[in-house]
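Worksheet for the structure shown next.
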Amino acid sequence: MIIVNLDVMLAKRKMSSQELAEKVGITQANLSILKTNKARAIRFSTLDKICKVLECKPGDILDYIK
């Protein structure tokens with residue numbers, strides 16, 4: 001199972017979900033779906049934008065658990 005640790009990165013960067021959503025260009029609802037691990041997929045372009053805004057790597061946000 002893939003886990004999205006977006007809250008951890010937001011806390012480290014002292015950024016709100018709303019601010020991230022605005023900078024990335026996605027809705028609060030879609031960001032919430034990602035944060036709660038309910039997303040079934042994420043576009044690489046969206047992941048790229050999130051990583052640019054948070055100045056991180058995809059591995060900082062995504063984790064894999066058996």
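Below, all heavy atoms of this structure are taken into account, side chains as well, without hydrogens, waters or symmetry copies. What you see is a predicted model, and the numbers here were worked out from it, not measured in a lab.
For the side-chain hydrogen bond (donor to acceptor under 3.5 Å, both in side chains) condition, no pair includes a residue of residues 57-66, sequence neighbours left out.
Both M15 and I50 are assigned to one and the same hydrophobic cluster, defined by single-linkage of ILVMFWY side chains at heavy-atom distances under 4.5 Å. I2 and V8 fall into different hydrophobic clusters, defined by Ile, Leu, Val, Met, Phe, Trp and Tyr side-chain heavy atoms under 4.5 Å apart, directly or through other members.
Between L31 and V24, every side-chain heavy-atom pair lies at or beyond the 4.5 Å cut-off. Contact check for C56 versus R13: side-chain heavy atoms found under the 4.5 Å cut-off. Looking at L62 and L47, their side chains come closer than 4.5 Å, going by heavy atoms from C-beta outward.
Residues passing the side-chain contact (heavy atoms from CB on, under 4.5 Å) test with R40: none are found, sequence neighbours excluded. Evaluation of the side chain to side chain donor-acceptor pair (under 3.5 Å) rule for E19 yields K23 as partners, not counting sequence neighbours. For K52, the side chain to side chain donor-acceptor pair (under 3.5 Å) partners are D48, not counting sequence neighbours. Residues passing the side chain to side chain donor-acceptor pair (under 3.5 Å) test with E55, sequence neighbours excluded: none.
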With a 3.5 Å cut-off and sequence neighbours excluded, list the donor-acceptor pairs that the side chains of residues 32-39 form with protein atoms.
| unit_1 | atom_1 | unit_2 | atom_2 | d |
| --- | --- | --- | --- | --- |
| K35 | NZ | D7 | OD1 | 3.2 |
| K35 | NZ | S17 | OG | 2.5 |
| T36 | OG1 | S32 | O | 2.9 |
| T36 | OG1 | I33 | O | 3.4 |
| N37 | OD1 | V4 | N | 2.6 |

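The two residues S16 and L10 have their closest heavy-atom pair at O-CD2, 4.0 Å. Across every non-hydrogen atom of P58 and C51, the tightest pair is N-SG, 3.5 Å.
Under a 4.5 Å side-chain heavy-atom cut-off, the cluster of Ile, Leu, Val, Met, Phe, Trp and Tyr residues that includes I65 is completed by M1, I3.
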